[in-house]
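Written out below as C-alpha cells is the structure these notes cover.
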Amino acid sequence: MHIEIDPKAPTPPSEQIADQVRFAVAGGRVAPGDRLPSVRGLAATALVNPNTVARAYRELEREGTVETRPGSGVFVAAGAPARCRRDTAEVLRERLGRAIEESLAAGLSPDEVEELVARMLRRITQEVTT
C-alpha cells in the first residue's frame with residue numbers, strides 16, 4: 001500500500017494517512033487480516049514523523065478499521081470494508097459537493113460544471129484503464 005502526503009493539503013498528515021487507509025480498504029486493495037506497514041516503515045516512506053503515523057493508526061483502531069496485535073503489527077479488522085465503504089462515500093460526497101459549490105460560485109453554469117465533471121471522469125477512466 002502506497003501512502004502519499006500532500007504538505008499543502010488543508011487536512012493534517014495523520015488524517016491524510018487515515019483517509020488513504022480507509023480508501024484502500026473500501027476499494028479492496030487491502031483486505032481484512034492484511035498487515036499494514038509498520039509505524040516506522042510508513043513514516044519513512046511517507047516522509048512524516050512516526051508520531052503522525054501512530055496518531056493515524058490510533059484513530060483507525062478507535063473506529064474499528066484496524067486492530068493492533070502486540071508483537072505482530074497492525075492489521076485490517078474483519079468488519080472494516082463495509083464501514084470504510086460507507087464512510088468514504090460520505091467523505092467523497094462532501095468533497096464533491098464543495099467542488100461543485102466552488103465551481104458555481106466561480107461563475108460556471110450547472111451545465112458547464114456537469115460537462116467539466118464528465119470530461120474529467122472520462123480522462124481519469126482512460127488513465128486507469130491504460
Side-chain angles (χ1 to χ4, degrees):
M1 178 174 53
H2 177 72
I3 301 285
E4 198 168 300
I5 302 302
D6 179 0
K8 297 177 186 169
T11 55
S14 62
E15 286 182 37
Q16 292 180 51
I17 292 168
D19 280 346
Q20 289 179 52
V21 169
R22 289 181 195 108
F23 291 162
V25 172
R29 292 188 312 278
V30 292
D34 285 354
R35 186 176 188 269
L36 297 183
S38 70
V39 168
R40 287 185 184 165
L42 181 52
T45 60
L47 304 175
V48 295
N49 187 296
N51 290 331
T52 301
V53 177
R55 186 176 309 117
Y57 281 3
R58 279 193 305 273
E59 172 63 21
L60 291 166
E61 185 168 31
R62 184 195 59 73
E63 71 190 27
T65 299
V66 301
E67 57 189 18
T68 301
R69 299 179 193 161
S72 297
V74 178
F75 296 82
V76 177
R83 181 182 316 96
C84 288
R85 281 191 294 276
R86 183 188 67 242
D87 293 348
T88 57
E90 181 59 32
V91 167
L92 295 173
R93 271 191 294 276
E94 289 174 16
R95 289 179 184 175
L96 186 55
R98 281 195 306 271
I100 291 170
E101 288 171 358
E102 288 175 8
S103 299
L104 294 171
L108 294 177
S109 72
D111 288 339
E112 290 171 316
V113 173
E114 189 174 337
E115 176 55 32
L116 179 63
V117 170
R119 257 194 332 258
M120 292 299 297
L121 184 59
R122 282 192 301 273
R123 190 196 84 199
I124 291 169
T125 302
Q126 282 180 335
E127 289 173 2
V128 169
T129 59
T130 57

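With respect to E102 and R95, no salt bridge is recorded, no charged nitrogen being found less than 4.0 Å from a carboxylate O. Using a cut-off of 4.0 Å between Lys/Arg side-chain N and Asp/Glu carboxylate O, E90 and R93 are scored as salt-bridged.
Of all heavy-atom pairs between V76 and A31, the closest is CB-O, 3.3 Å. Heavy-atom minimum distance, R85 versus T88: O-OG1, 3.4 Å. Residue A77 comes nearest to G64 through the heavy atom pair CB-O, 3.2 Å, listed as atom of the first residue, atom of the second, then distance. Between C84 and T65, the closest heavy-atom pair is SG-CG2, 3.7 Å. What you find for P32 and A78 is that their closest heavy atoms are CG-O, 3.7 Å. The nearest pair of heavy atoms linking A18 to A56 is N-CB, 4.0 Å.
In the hydrophobic clustering of this structure, V39 groups with I3; members are Ile, Leu, Val, Met, Phe, Trp, Tyr whose side-chain heavy atoms approach within less than 4.5 Å, directly or through other members. A continuous path of Ile, Leu, Val, Met, Phe, Trp and Tyr side chains, each step under 4.5 Å between heavy atoms, connects V48 with M1, placing both in one hydrophobic cluster. A continuous path of Ile, Leu, Val, Met, Phe, Trp and Tyr side chains, each step under 4.5 Å between heavy atoms, connects L104 with L96, placing both in one hydrophobic cluster. Under the 4.5 Å side-chain heavy-atom criterion for Ile, Leu, Val, Met, Phe, Trp and Tyr, I5 and V21 are members of the same hydrophobic cluster.
Using a 4.5 Å heavy-atom cutoff, the side chains of Y57 and P37 are in contact. Side-chain atoms of I17 and V53, non-hydrogen and from C-beta on, do get closer than 4.5 Å to each other.
Considering CD of E4 and CG of L47, their distance stands at 9.5 Å, rounded to 0.5 Å. If you take CE on M120 and CG on L116, they are separated by 7.0 Å, rounding to the nearest 0.5 Å. We find the OG-CD distance between S72 and E67 to be 10.5 Å, quoted to the nearest 0.5 Å. From L60, atom CG reaches atom OG of S14 across 10.0 Å, with rounding to the nearest 0.5 Å. Atom-to-atom distance recorded for L108:CG and E114:CD is 12.5 Å, nearest 0.5 angstrom. E15 contributes atom CD, which lies 11.5 Å from atom OG1 of T52 (distance to the nearest 0.5 angstrom).
Not a single donor-acceptor pair under 3.5 Å links the side chain of R22 to the backbone N or O of D87.
A 6.0 Å sphere centred on CZ of R35 holds more than 12 heavy atoms belonging to other residues, nucleotides or ligands.
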Check the pair R62, E59 against salt bridge (charged side-chain N to carboxylate O under 4.0 Å, His left out), reporting the backbone distance first and the verdict last.
CA-CA 5 Å; R62 184 195 59 73; E59 172 63 21; 2.6 Å; yes
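Residues satisfying the side chain to side chain contact (heavy atoms under 4.5 Å, CB included) criterion with T45, sequence neighbours excluded, are L42.
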